[in-house]
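To start, the structure under review is shown below, and the notes come after it.
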Amino acid sequence: TSDVCRNQKVKMLEVIPNGGSYHARNRGLEYASGEFIIFFDADVQVQPHWLEKALKAMEDTDYLAGNVCIETHPEMDSASWFEFFNAFPVKRYLELEHYGVTAGLMVRRKVIEQLGGFDQRLRSGGDNRFGKKVHEAGLRQMFLEKPDILHPARDFEEYLEKTRRIVKGAAAIDALYHSNKIKPSVFIRVLRLLWGLLPP
């Protein structure tokens, strides 16, 4: 990664110690200078013409959630296939909960200037909270269906770790944003996540 960045004259920031992905994104925002800010996960593959389509869509929105899909490969186990069919329903996230995942997200700089960055106290769910801030501020949000952003499939151990992280993140969000009173919603989310472990 370092070699590619140097060859392409891309500025790379080293964030030490590791404070989590939202902390790292906030550090990146301190150096970003463009009108549009894009967030990708390190392991995704962005399909051709995504940037062109995204910039066109940004003419009519402030916050653009990209469509993230699981990439298939011949050695996928049952957990990987389960994630293929269930992971990243970004369109539904945006419609029901008003956020997109930072595996593929574009926002206007003015959104960051108005609302600030991510809640770096969170290790999971920071994209959820950021999207809701955008919605509550009355800013425009849109879903970009094509081209896809491809995310590698997780095996069972990776899926289990992801589930643990999401459950902890849901509990942290309820503790931080709901006066330390865990609402029924967190129990529903936890039950859904635990149920999701059964098929693998």
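In this text, all values refer to a predicted model and were calculated from it rather than measured experimentally.
- Between Asp127 and Thr102, the shortest heavy-atom contact is OD2-N, 3.5 Å.
- Minimum heavy-atom separation, Thr61 to Met142: OG1-N, 3.5 Å.
- The hydrophobic cluster containing Met76 also contains Phe85, counting ILVMFWY residues as joined when their side-chain heavy atoms lie under 4.5 angstrom apart, directly or transitively.
- Listed by first then second residue, pairs satisfying salt bridge (charged side-chain N to carboxylate O under 4.0 Å, His left out) with a partner in residues 76-88 read Glu83-Arg154, Glu83-Lys162, not counting sequence neighbours.
- Among residues two or more places apart in sequence or in another chain, the side chain to side chain donor-acceptor pair (under 3.5 Å) test is passed with Asp148 by Asn67, Lys146.
- A pairwise comparison of heavy atoms in Met106 and Leu55 identifies CE-CD2, 4.2 Å as the closest pair.
- With a 4.5 Å cut-off on side-chain heavy atoms, Pro147 and Lys53 count as touching.
- Between Gly100 and Val90, the shortest heavy-atom contact is CA-CG1, 4.2 Å.
- Side chain of Ser80 to main chain of Ala153: no donor-acceptor pair is present (N/O by atom type, distance under 3.5 Å, no hydrogens or angles).
- Between Glu158 and Asp155 the shortest side-chain heavy-atom distance falls below 4.5 Å.
- Using a cut-off of 4.0 Å between Lys/Arg side-chain N and Asp/Glu carboxylate O, Glu95 and Arg92 are scored as not salt-bridged.
- Taking the side chain as every heavy atom from C-beta outward, Ile37 and Leu29 approach each other to under 4.5 Å.
- In this structure, Leu122 is not a member of the same hydrophobic cluster as Val15, with clusters built from ILVMFWY side-chain heavy atoms closer than 4.5 Å.
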Using side-chain contact (heavy atoms from CB on, under 4.5 Å), reason through Met12 and Ser2 one step at a time and then give a plain yes or no. CA-CA 7 Å; Met12 187 176 71; Ser2 302; 3.2 Å; yes
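- Between Lys168 and Ser124 there is no side-chain heavy-atom pair separated by less than 4.5 Å.
- In this structure, the side chain of Tyr99 does not engage the main chain of Gly125 through any donor-acceptor pair within 3.5 Å.
- Pairs engaging residues 119-140 under the ring pair (Phe, Tyr, Trp, His ring centres under 6.0 Å) rule: His98-His135, Phe118-Phe130 [sequence neighbours left out].
- Here the closest heavy-atom approach between residue Asp62 and residue Arg140 is recorded as OD2-N, 2.9 Å.
- Evaluation of the salt bridge (Lys or Arg N to Asp or Glu O under 4.0 Å) rule for Arg123 yields no partner, not counting sequence neighbours.
- You'll find the side chain of Tyr63 reaches within 4.5 Å of the side chain of Leu94, heavy atoms only.
- Here the side chains of Leu13 and Lys11 are in contact, with some heavy-atom distance below 4.5 Å.
- Using a distance-only test at 3.5 Å, with no hydrogens or angles considered, a donor-acceptor pair links the side chain of Arg108 to the main chain of Met58.
- Checking side-chain atoms of Lys133 against main-chain N and O of Gly117 turns up a donor-acceptor pair under 3.5 Å.
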For side-chain contact (heavy atoms from CB on, under 4.5 Å), just list the numbers for Trp50 and Ile38, CA-CA rounded to whole Å, side-chain angles, deciding distance to a tenth of an Å, and then say yes or no. CA-CA 11 Å; Trp50 188 90; Ile38 305 174; 4.2 Å; yes
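- Scanning all heavy atoms of the two residues, the minimum distance from Ala103 to Val68 falls at CB-CG2, 4.0 Å.
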Going through the checks in order, is the side-chain contact (heavy atoms from CB on, under 4.5 Å) test met by Gln120 and Arg27? CA-CA 10 Å; Gln120 59 194 41; Arg27 296 293 73 74; 3.5 Å; yes
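- The backbone N or O of Glu97 lies less than 3.5 Å from no partner atom in the side chain of Lys132, so there is not a single donor-acceptor pair.
- By the 4.5 Å heavy-atom criterion applied to side chains, Val107 and Phe39 are counted as neighbours.
- Leu150 places none of its side-chain heavy atoms less than 4.5 Å from the side chain of Val44.
- Listed by first then second residue, pairs satisfying salt bridge (charged side-chain N to carboxylate O under 4.0 Å, His left out) with a partner in residues 36-45 read Arg25-Asp41, not counting sequence neighbours.
- In this view, Glu157 satisfies the side chain to side chain donor-acceptor pair (under 3.5 Å) rule with no residue, not counting sequence neighbours.
- We find that Lys110 and Glu113 are not joined by a salt bridge, their nearest charged nitrogen and carboxylate oxygen being 4.0 Å or further apart.
- Heavy atoms of other residues, nucleotides or ligands lying less than 6.0 angstrom from CD of Glu30 number more than 12.
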Evaluate the criterion side chain to side chain donor-acceptor pair (under 3.5 Å) for residue pair Asp119 and Tyr177; output intermediate values, then yes/no. CA-CA 11 Å; Asp119 187 339; Tyr177 290 94; 2.5 Å; yes
